Structure formats: structure tokens, C-alpha cells
Amino acid sequence: MKAFFAAAAILILSSVLVAQDIPQVQIKDLNGKTVNTKDIIKNNGKPVVISFWATWCKPCIKELNAYNELYPDWIKETGVKIIAISIDDSRSSSRVAPFVNGKAWDFDVFCDANSDFKRGMNVGEVPHTFVLDKNGKVVWQHKSYMDGDEKKLYDVLKKLSKGESIK
Amino acid sequence: MKRTGILTGIVLSIFFAGCDIVESPYLETDTPVWNGRKILILDFTGHMCGNCPSAHRTLSQLQENYPEAIVPIAVHCGYFGVVATSNPNQPYHYNFNTGVGLELGGNGFTNYGYYNIRSQPIGVVNQLIPEALSAHDAWAGNMASYYSLFPEVQVQITPVFDESDSSINLTIDVTAQIVSTRNLNLAAYITESHIIEWQMDYTQSPSNVQNYEHNHVLRGSFNGTWGDAINTANAAITRNQKFTKNYSLKTGTDWVPENLSVVAFVYDSDTKEVLQAEETHVIE
Amino acid sequence: MKHFFVVPVLLVLGFNALAQEQNYGQITGNFQADAQYYITDTLIGASSPAEKTMLNSYANFIYTLGNFSAGFRYEGYMNTMLGFPNLGGVNDGIGIPYRWATFSNNQLEVTAGNFYEQFGNGLILRSYEEKQLGYDNAFDGIRVKISPYNGIHLKAIAGLQRFYWQKGPGIVKGVDGDFLINEIFSGIRDASWQLGFGGSFVTKYQKDEDPIYDLPQNVGAAAGRINFSLAGFNLISEYAYKINDPSSDNGLIFRPGQALMINASYSRSGLGIILSTKWVDNMSFRSDRYAIGTDLHINQIPEITKNHAYSLTAFYPYATQPKGEWGVQGEVFYRFKRGTALGGKYGTALAVNFSRIQNTQQTQVDEFTPIGARGTYGYNTAFFSIGDSVYFQDLNIEFAKKWSSTFKSTFTYQNIIYNYNVLRGTADHETVYAHCAVADLTFGISDVLSLHTEMQALFTQQDKGNWAMLMLEFSIPNWFFTIADNWNYGNADPTYRTHYLMGGFGYNNHGNRIQLSYGKQREGITCVGGVCRAVPASNGIMLTISSTF
């Protein structure tokens, strides 16, 4: 048991050390069209935010509402692209689209009904948000959402867009 | 494109070929041969378990289809076997629990017994290990793998009931039918049938049934939950070798001697497989 | 056992350090451990097992290099926490129940080992894992995915399903095809309408050892689906048929099964409307006909109810009834724009949901055979028949508004009809009629401190009576503190008007999270996607550690 927790502690600490690629998985857009994750993250060398959410996850909706309000300002200052990945099952593309439109969110939303992308990114619970740098590598991530967390995300994006290191 | 089409066609036809549609009356046509092996079924049940009467009915059906081949024991234990009240005019006041039953199935609250009983009804067929727990629909299938086998041992129970001191004196003879080196244990329990008491039954309305007939209820044991070792250290057993054991027990105050049966079974103490079971009425 | 952990840790650190410079691939993964120390509390019915502390843990590792990836998951239940499926202790233990390797390029993807898969909407095949329920019906076998042409996606699988630390007895094989018309014919690729078809076929083989009944060894199921959208309209529909499949679930009857689902929706910016209907009869499909509970399901019928997130609105959740149900659901999402009367300065979101589920109508096959009699055809039912018994009805309205830069709120009202007998498997319980109201408020007190509170109330005259719930949560950067109380103030028996008080705190940074709580947890049911698990009452200390690396 002790060794188990020691190993866990080491792995936790190591998570801040390295930048990683995202897996290439097929997911669907809101029209039911299949797309590849490596294509949707293209953003001309600007940072990308990938946020995993579900229609039944209250903190996820709070987080995305907060980002939605600041999105126009963030695009102007950092050129960021926000991608929201819904992990709702089965009836995905039919329920998620009206839900998203009802909230008038401006970001790109995709459906990961089989949880392939979620598993490939090692996401356990949602919300779970990742930031990709200009090379498409994961450089920052955050779990759960508390009010004010969007400020932290903004700081990370600002630093990335200026080419500074995020530490 | 064409190759994919042909490939798809082949794949689909392989799949479509596997579709068994069964016509009425849905019964197996070949009847298996019985060679005398008697199969022990432990049914972990409780008087407040509304889904348990379905398991009791499955057991009755098996006994009807295979008279003499099935030796059932209803082990009252667990969460649904708990005594609900001490008031004898209220339902579920009767205590069906026994030391043996609680050791096997727990009390559903602070412990869950050797079999780790978390839900009822559940049972084991001829294998005394928690991994063998199965739902009552599967008991017929579980039993079928042992049904046609020749028994490795024969068990004969000779009970004598002494009315003067309400005691039962037993002689059990275990006779080996083949040569073997198994480590054997013999366990002897006492069960009672035709106990009329409350039982919850979700197939009835209202579900609290006052005069339910409880059968093969475990009442206690002659030689402990796991019985006595009759062959140890993998000693060689020859054909027709006989092991004899004597036991005695005092009956409980509210037991009806005419409804009592002795259930004895011999099992391999390493694999926990029951090799032969036997049931005899205390009073013929 | 100690050495077991050293290897993966060194692998991760070493590989990632090297991988930055040369291309040796990369290793990623996650880890979670939940532990609970149990205290006996007879008032709330909380028991304490012999081990005192129970631990559920898992860690995933994924290695990727170009087109090749492989991974495994370690799971350790030392022993399984109370309330998770663990009949006979079958779930306890440690090991690697999930391991896989995949090769993929633009046209082909092959996986060997364990995998999860879904065909269409899951009516005949859906394998997934949900750690909160202890649900995992992963396949162990092979999977091939081919896209021979634009817009055509084909899949074929064959394997056995996971049964705790072993495999189920049944062999499952399936094929699925997805055809997106607009991508196949490039001329209509950018048309304003989009149309897609799909079809799948799944078969399972399990030996018949029943000496009495002639049980089918090969049981096949087929499904067809269509997906159409034009401007803001979207229509999805799928129909499934399964041949005779006598099982513990349906009481060994020989009738076939069918399911139909239709979802229609309309959406444009600021408005979303969904109407769905579903009809299911005898569609429980497992790779072991005798399996019970959440074990060895091959399919998963999608739910037609709203998943509630609040403790009291989720008090009476619906569990999908694959034996037979009919349901209808309507949802409207609307956003009042900024500047309008109801919109206010920031806009206001309104969501209304209505679901109703009833049984199907069953009639006897002949005058001698009762409905559901073992070893018979079972019963007759007309396609899309609707019975008289209500299983569930949920009307809820949610109103979310941001009042200022520091104050946000969400108000919810729910009205529920809950058929307790059908949904909990009892026979004498009254149907529950309940109302529920929730106020969810967030205050930004300063730049770093925020307070989140929930005030909930459940009103009912059945079951345990009224409940009230209050939660307070303070958060500062990286840390949070919570305290919550569920109070059964309306219980008919005054001794049971208990406060279930729980407090805790946690740390959250990057991909890491640690949370410690202490207190009483009431007995209840937790459901995800229509699949439920009973949560036993407990009193004790809970620790959760999770990390993604």
C-alpha cells in the first residue's frame, strides 16, 4: 500500500514536467460528420483550449459559460481557439446541438460519444481542461472548476501567446 | 471497392448463419441418464426477501423434474434473514437463523459470511466456494454437468429418534465406489420442512404472506459447519472401503420431529466439490 | 509488490524526458484512488466492515509512437468499497484487467486486446466503463475499423466481455457500417442538408447447459439507423430487433425483443428544442444469459430522462427498464439576450424539460399461460403499445441568471412522479409524488475568494417525507472547503429525522486533485445514463486522490 502511494506521489509530481501530444481519434461534429482530432486543433500556431464537458455536469457548464463571456476578448488578445468536447453518450449529436445553441456558446463543439478521446487524454471526471501550445502539445491542464479559475486560464494563454514559459 | 464488397458479404453471411430460433414447446428432446449422483444445492434465502420465493419455486421444479437427484438446503441468513421484531403477533418475528447459516452467509450488516452474501436469492450448486455463487435460473445448468456422473462415494444415513430425551442418534456410512486419494470431509446437517411462517413474496399482493410453507430449512449441524475429516493426507482409498461416523443432537423445542431430515454430504476438502449428498427423514 | 510500481514510474519519467529530444514516443496516463474509513452508525443503517478501510484505485498508462499505441490499466480493490458490485467478493483483488495495442493509419485501425465500442446509439452494442457505478463491460478480443471510401466507416469486432477479473462465457461478434451520403458523393458534400445511414449486426454464442429447456446458443440482433439534418433541424432514429434470448432478466421466455428511438430537434443561436420518444420490449442482451445486476451487458438502451446534478433533484432517479418501457421527452433551451427585459445585463438561460415513461401493454399468449411464464413465449405485445402504469414523470424548469460581475444564480423547480415498486424492485411501496426546489448561488467575494451555496428542499408525503439540504463551499486559488447537511426533517418517525452532516476540503492544481471529507452519507441511488447503483448509508472519512500525467 505504501509503495503504491509513493508511486502515485511521484507520478503526480511528474505531471508538471513534460509537454505531450494529443491522440489521433475520430469524433463527430454537431452535424454528425466524423472528424479527426489532429485536424480540429489547427490554429495557425496560436494556443488551443480543449475542454471536456457533459450536459449534466454543472461545473462544466459554469466553466464554459465563463469562457464564452470572455471569448471575444481572449481571441483579440491571444488568438486562442476553444474547443469543447462533450462526453454525453448515445444521443449526443441530437441533444448537444440544441443545448449548446440554447446557451449561445460561440466555440467549436464536438461529440465524443464512445469516450475514445476522453480515454486517450486520460480524462477521469469532467470538467477537465487542457491547453495546447503552438505545436499542438499539451502544456497545461486543470480539473474541476471553481469560480475565478478562468483568470488562471487567461494568464496561461497570455504567457503562451507572448512566447513566455508557463511556470 | 469490389473486394471490400465481397469481403463484407462473406463476413455478413458468417454472422447471419449464427441465429438459433427455437420453436415451441422450447424443450430439450434428449433426457440425460441418471447414475445415482445426488447434487447439493445451498439456497441463501431470507424471510424478508421478496424475490426469494422464485428461487424456492425453481428448486421445487428441479425436484419434480429430477426426483431423488437434488438435495436442497435453504440457508436462512443475511440482510433479509434478520428477525424484524420480538412481537410474535407481528410478521417476520420467527428466527430462522442458525450458527451454521450465519457463518456461511453472514448477517448482512456487520459481516457477510464465508460466501460474502451481498444480495439474495443466490445459491451454490455442488461447489462450496464463493466463486460458484449463481442466480437460481442457472441452477439447472450448473446441476447438469454433474447429473450423469457415477457417484464416487455412497452415503447411507441411519437415524434413530429417541422421544424420551428428544435426541437424534445417527450412524453415517460412507462407502467408496472407486479408488482415490482425495482428502474427504463429511458434514451432517439437520433440516426441517413444512414450517408455516411469514415470508415476503413480491409475486403476491400483498407481499407479506402469513402462511408460507418453508421447506428444507437448515436447523443446525451434527458436526460443525465444515464437518469432520474422514480421509486426510491424501491417504489411498480402496474400492468399497467404508468410513463410519456416529453423531447425536438434541432437537430444538419447537421442531416437529416428523418434518425433520438429516442431510449428509461428502466433499473434497481441497477443491470443495461435493461428491455425494444424501437426505433421510428422521422418522420414516 | 513494491517493485511492481517502480517500473511504470521510471518508465514514465525516463521516457518523457528522452522523448522530448528523440522520437521514442510518449507515455501518458492517469491515476485515481478512493479510500473510505467506515464507522458503524445504527441510526442511519451504516455498517463497518471487518477491514475498516476500503480502497478502490486504478491507473491508466498509454504509450504512443507514430501510428502505434498501446496501454494498460492497473486496478486495485483492497477491498472493494461498500456499495459497488462485489457479489461473493468477486471484485476484490489487484491486477491488470485491461490491456491493448492499436495500430492505425488513414484507412485502417486494428486493436488487439481490450477495447470499448458502441454501434450507433448503443441499442444492440455498447461497451463502456463508469467507475462511479463499478460498471465495466469491456471486450477482450480484436477490432478492425476500415474506411474504404470517403464517408463509409466499417467496423468488425469479436471478443469476450470482462467479468471482474475473468471473462464472461459468451463470445460476441459484430459488424457495423456508417454511411454518410454527403461525403460519399462529393457533389453534394456542401449541400445544406446532411443525410447518413447506418446498420449493425451482433451475435453472441453461449453453450446451452440447461437440461430442461432448449435454449438458443446463437442469439443475433440487428439494428438500422438514419440521421438527417437540414438548416437547424435534425432527426435521428434507430430500430433494433433481437431474436429469442431466454435469460434470468426475462424469466426464461422465448419471445424476441425490439427497440425504437426517435429524436427530433431544432436549434439556432439562442434556442434549442428537442423531442424524443423511445419504445423498448425485451431488449436485455447479455453475453451470459444468467448474469444479474450490471454484469456482462452487451447493449445499453439510451435514457430518455434528464440527468440531475443536485442532491435532491437526483433523489428519485430513473433506471432504464430493458424489459419493457415506452417514453417521451421534450426539452427547450432558450437564452434571453442581453439588454432585454428578462435578459438583464448578461443574458438569462432558461431550460424546461418534461419526461414521461410508462409500461408497455402485455397480453397472454393463450388462456392457459400466465404472462411471463417460464419456458414459454412469455406474452404478446403490439409494437409501440403503451400500458396504463406510469413508471416515471419529471417536469423541471431551470432558470440561470448572472446578476452582476460577482453574483450568479440558478433556480430550479422539479415535479416528480416515481413508481417506487418498479424502479427499486419492491412490491408494497406507494408511488412517490414529490416537488423539489433548488437555489444555487455563487458570490465572488474578492479577487481570490468565492462562496458557492446551494439551498434545496424536497417535499413529498410518501417514502421518507420532506428533506432540506444546505451546502456552503469556499474556494481560494487551488483550495476549496465545503460543508453540507442533508436533513430529513419531514420523516414520519421522529427518531429518523437525522442530519447527514458532511464537511471536507481539497486541493486542486494542474491535473491533480486531493479531497478529504468526513461525515454521514445518506443511503441513496446514483445513476449515470440510466444505469444505477445503490449507495449504502455510511459514516466515516473519505479520501480521494486523482491525477492525470
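Letters A, B, ... mirror the listed sequences (proteins, then strands); counts begin at 1. Remember, predicted model here, so these are calculated numbers, not experimental data.
Contact of C:E130 with chain A is not made at all, since no heavy-atom distance falls under 4.5 Å. Heavy-atom distances place no part of A:V100 under 4.5 Å from chain C, backbone and side chain included. Residue A:S115: no heavy atom, backbone or side chain, is found under 4.5 Å from chain C. In this structure, chain A has heavy atoms under 4.5 Å from both the backbone and the side chain of C:D447. Contact annotation for A:D116: only side-chain heavy atoms (C-beta onward) come within less than 4.5 Å of a heavy atom of chain C. Using a 4.5 Å cut-off between heavy atoms, C:K131 does not touch chain A at all. Proximity to chain C is limited to the side chain of A:E125, based on heavy atoms less than 4.5 angstrom apart.
Residues A:K28 and C:D178 have side chains in contact (heavy-atom distance under 4.5 Å, counting atoms from C-beta outward). Contact check for A:N114 versus C:E117: side-chain heavy atoms found under the 4.5 Å cut-off. A:D21 is not listed as a side-chain neighbour of C:T64, based on a closest heavy-atom distance of 4.5 Å or more. Looking only at side-chain heavy atoms (C-beta outward), C:N30 and A:M121 stay at 4.5 Å or farther from each other. For the pair A:M146 and C:H452, the minimum side-chain heavy-atom distance is 4.5 Å or more.
Shown here is A:K151, whose NZ atom has more than 12 heavy atoms of other residues, nucleotides or ligands within 6.0 Å. Residue C:Q132 places its CD atom among 12 or fewer non-hydrogen atoms of other residues, nucleotides or ligands, all under 6.0 Å distant. No more than 12 heavy atoms of other residues, nucleotides or ligands sit less than 6.0 Å from atom CG of A:N44.
Going from atom CG of A:L30 over to atom OG of C:S229 covers 10.0 Å, rounded to the nearest 0.5 Å. One finds the CZ atom of C:F61 at 9.5 Å from the CG atom of A:N122 (value rounded to the nearest 0.5 Å). We find the CZ-OH distance between A:R119 and C:Y128 to be 12.0 Å, quoted to the nearest 0.5 Å. Here the CZ-OG distance, from A:R95 to C:S276, works out to 8.5 Å after rounding to the nearest 0.5 Å. Separation of atoms CD (A:Q24) and CD (C:E109) is listed at 10.0 Å; rounding is to 0.5 Å.
Residues A:K58 and C:E454 are not paired through a salt bridge, judged by the lack of any N-O separation under 4.0 Å between the basic side chain and the carboxylate.
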>> As a quick check of understanding, evaluate side-chain contact (heavy atoms from CB on, under 4.5 Å) for C:K306 and A:T55, giving each step before the final call.
In response: CA-CA 9 Å; C:K306 179 171 171 152; A:T55 58; over 6 Å; no
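When the candidates C:F443, C:Y266, C:Y310 are compared by the number of heavy-atom contacts under 4.5 Å with chain A, C:Y310 comes out ahead. Between chain C and the options A:A54, A:S144, A:G124, heavy-atom pairs under 4.5 Å are most frequent for A:S144. Heavy-atom pairs under 4.5 Å with chain A peak, among C:R268, C:R513, C:H153, at C:R268.
Residues A:W56 and C:N307 come closest through the heavy atom pair CB-CB, 3.3 Å. Across all non-hydrogen atoms, the minimal contact from C:Y346 to A:E69 is CD2-OE1, 4.2 Å. Across all their heavy atoms, C:T28 and A:G120 have their closest contact at OG1-O, 4.4 Å. Minimum heavy-atom separation, C:R335 to A:G102: CB-O, 3.1 Å. Closest of all the heavy-atom pairs between C:G511 and A:K143 is O-CE, 2.9 Å. Here the shortest heavy-atom pairing between A:K103 and C:A349 reads NZ-CB, 3.9 Å.
None of C:N263, C:I274, C:L271 except one satisfies the side chain to side chain contact (heavy atoms under 4.5 Å, CB included) rule with A:P98; the exception is C:I274.
No side-chain N or O of A:D147 forms a donor-acceptor pair with one of C:S450 less than 3.5 Å apart. In summary, the side chains of C:T442 and A:K62 do present a donor paired with an acceptor at a separation below 3.5 Å, with no hydrogens or angles considered. A donor and an acceptor atom, one from each side chain of A:K152 and C:N478, are located under 3.5 Å apart.
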